[in-house]
2 protein chains.
Amino acid sequence: MRMSDVAAAAGVSTATVSMVLSGAGSDRISPQTQARVREAAKAAGYAPNSVARSLRTQRTRTIGLISDTIATTPFAGRMLAGANDVARDHGHLVILVNTDDDAEQERKAILALVGQQVDAMLYARMWHRAVDAPAGLPAGTVFLDCRPTEGGWPAVVPDDRQGGASATRELVAAGHRRIAYVDAPNPDEVVASELRHQGYLEVLAESGITPDPALHVRAATDAAGGRAAVEELLDLPTSRRPTAIFCFNDRMAMGAYTAAHRRGLAIPDDLSIVGYDDQQLIASELDPPLTTVALPHYEMGRWAMEVALGLRESDRDNPLLMNCPIIRRDSVGPPPITAGN
Amino acid sequence: MRMSDVAAAAGVSTATVSMVLSGAGSDRISPQTQARVREAAKAAGYAPNSVARSLRTQRTRTIGLISDTIATTPFAGRMLAGANDVARDHGHLVILVNTDDDAEQERKAILALVGQQVDAMLYARMWHRAVDAPAGLPAGTVFLDCRPTEGGWPAVVPDDRQGGASATRELVAAGHRRIAYVDAPNPDEVVASELRHQGYLEVLAESGITPDPALHVRAATDAAGGRAAVEELLDLPTSRRPTAIFCFNDRMAMGAYTAAHRRGLAIPDDLSIVGYDDQQLIASELDPPLTTVALPHYEMGRWAMEVALGLRESDRDNPLLMNCPIIRRDSVGPPPITAGN
DNA sequence: ATGAAAGCGCTAACAG
DNA sequence: CTGTTAGCGCTTTCAT
């Protein structure tokens with residue numbers, strides 16, 4: 001079923017069919033002819049061959065999306081969804097490639113996507129971090145949830161400093177002054193860790209609270225890590241014990257809940273907790289539901305695709321910092337009156 | 001940078017370049033010429049244009065994947081990963097389209113993918129269910145995590161009956177006889193609900209346990225639903241109260257934990273719990289880690305892609321039932337001795 | 001208002 | 001062993 005078949009059926013040339021169906025220049029074709037063509041096309045169930053069209057027009061209406069482990073984390077989906085929604089609304093398809101964080105696979109993926117003549121490319125990582133731009137990336141490739149070490153590329157990352165500040169401010173506003181930060185283990189790899197810490201310190205400073213180094217602890221970023229870290233914190237003498245805890249992520253917060261329960265501490269009456277990530281199926285399902293900071297994955301995905309499609313300008317030397325909104329639920333309250341502050 | 005450029009640089013025809021680079025018929029080309037061509041190609045940084053190649057060969061080495069909400073659920077990723085891995089290993093790219101479960105979007109997606117001349121198509125749903133095959137799907141489309149109401153299509157779904165049986169058997173084996181099934185609300189929409197229930201009843205029957213209707217309850221499939229249902233169950237008079245609970249999913253199991261803790265019941269000492277889904281970031285992070293039944297998403301994704309690529313035969317009238325393995329963690333133990341059974 | 005014709009970049013017979 | 005040639009199905013001037 002080719003265009004020439006439709007043309008024959010309608011008794012016109014392929015040029016006419018092309019103009020009618022693509023809409024371009026269809027104002028030059030008489031209404032009667034247009035109707036005839038459309039009818040013939042519909043009757044034949046004709047669908048244009050985009051490969052042929054792409055070869056001719058040099059545009060595929062296709063966007064390549066390279067990611068390290070998009071499929072593995074629940075977050076991934078939101079970024080993908082944002083990118084996909086924008087692409088769809090503008091008549092583009094996305095070709096997704098997963099590299100499993102393997103350099104060789106990444107190289108091949110870039111080659112394959114370039115060979116496919118994708119109109120633009122998105123380079124996504126699942127965790128906010130700095131990356132060296134891989135060789136062969138087409139100019140204009142948009143970095144998603146990672147910042148290229150050298151400038152010159154559009155990029156979008158979460159504003160983790162602001163997020164850390166928001167979380168801490170939420171606790172300060174509730175009246176807390178002994179606020180712990182249960183951090184991720186390795187600040188080098190995890191950009192987010194350092195930035196959130198900065199936000200935390202900033203708010204303490206602006207609130208006239210002297211940071212207590214004992215309240216900044218590091219642990220594995222899972223529930224077990226969070227639990228262990230919080231148990232240590234709760235072992236501190238009463239005067240130094242925190243009344244509120246800001247956790248690097250929701251899984252650690254989940255562990256914090258367990259630690260509190262083991263001590264018979266009620267949340268938020270005895271201990272306030274704020275998480276990070278607003279991880280679906282965790283944050284809202286905890287008891288009580290967790291106040292946390294959301295990572296704007298969907299929005300970042302949208303933004304990146306908008307830039308890729310040329311719908312939006314970008315600063316190629318400074319990654320866009322996307323706001324991380326605080327999601328208020330029920331794990332924050334005033335400090336217990338027994339706490340001597 | 002086209003093939004003719006490479007040909008000119010190497011002093012040969014495009015036919016020769018094509019043969020050398022594609023490997024096909026390269027045994028007819030002298031080693032010297034081959035070397036010259038490869039060198040010229042590498043020097044020029046030549047990458048073949050797959051659009052032109054596809055137009056000529058009528059194969060795009062591209063697979064369309066339509067899904068309702070692949071991006072939204074954490075499960076999705078695993079299916080995608082399985083499909084993607086197989087595609088990659090066989091030199092294919094996957095074009096992903098999300099329809100948000102909207103019929104109109106679905107129609108357009110199918111059209112777009114067909115227009116792109118994808119070599120094969122996967123039709124995925126995020127929850128195991130029966131679906132009417134949408135119009136326009138190319139013959140041979142593989143159904144993933146859903147079964148077409150009319151036969152004639154290859155399909156793969158989780159073996160939920162076996163999963164329900166495995167969960168129940170795990171509890172029976174631990175010595176329980178009063179085993180509740182905390183089910184999803186609507187058996188019509190959720191195929192899995194009915195199948196797991198069947199598996200549950202089967203194992204009770206084969207174990208000589210008379211099902212107590214009071215122990216089969218339904219609730220919303222989130223933590224709040226699970227918690228409410230389990231609280232009711234625990235309100236039963238001691239003689240009828242369950243010593244073990246099989247939950248429709250891990251989120252409900254999370255609610256079951258909360259209900260148990262509220263009563264001061266320890267898991268698994270006072271109450272055993274089995275979930276379903278093996279949901280990352282929940283099942284393993286609960287305290288104690290949850291024994292649950294895993295949904296074989298990754299395997300289903302692989303299987304579907306293998307069938308799509310013609311690497312594997314399939315029965316087009318009976319969906320493949322993929323095994324749901326039980327994942328043993330620490331939420332199952334023998335019934336408490338105080339229980340009068 | 002419509003048609004003819006020239007490719008887009010590649011592959012695959014078929015010649016030589 | 002290598003080159004010539006004829007398209008794949010579409011879009012787009014340029015004629016008419």
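In what follows, chains are A, B, ... by sequence order, proteins preceding strands, each numbered from 1.
- For B/Glu313, the CD atom sits in a loose shell: 12 or fewer heavy atoms of surrounding residues, nucleotides or ligands are nearer than 6.0 Å.
- Straight-line distance from the CE atom of B/Met19 to the C1' atom of D/dT5: 14 Å, rounded to whole Å.
- When the C1' atom of C/dG9 is taken as reference, atom CZ of A/Arg53 falls 18 Å away, rounded to whole Å.
- Note on A/Val12: only backbone sugar-phosphate atoms sit closer than 4.0 angstrom, heavy atoms only; bases stay farther off.
- Between A/Ser50 and B/Gly11, it is B/Gly11 whose nearest contact on DNA chain D lies nearer the 5' terminus.
- Contact between the side-chain N/O atoms of B/Ser30 and the OP1/OP2 oxygens of D/dT2 is found at a separation under 4.0 Å.
- Residue contacts for A/Arg2: at a heavy-atom cut-off of 4.0 Å it reaches the sugar-phosphate backbone alone, with no base atom in range.
- Counting only N and O atoms by type, the side chains of A/Thr99 and A/Asp68 include no donor and acceptor under 3.5 Å apart.
- Checking C/dT2, C/dA13, D/dA6 against the side-chain heavy atoms of B/Arg56 singles out D/dA6 as nearest.
- Between A/Asp101 and A/Arg125 there is a salt bridge, with a side-chain nitrogen of the basic residue lying less than 4.0 Å from a carboxylate oxygen of the acidic one.
- Counting only N and O atoms by type, the side chains of B/Gln34 and B/Arg38 include a donor and acceptor under 3.5 Å apart.
- Regarding contacts with the backbone of C/dT2, a side-chain N or O of A/Thr33 is found under 4.0 angstrom from either OP1 or OP2.
- Counting only heavy atoms from C-beta on, B/Thr16 has its side chain closest to D/dG3 among D/dT11, C/dT2, D/dG3.
- Counting any heavy atom pair closer than 4.0 Å across all strands shown, A/Ser18 reaches a base atom.
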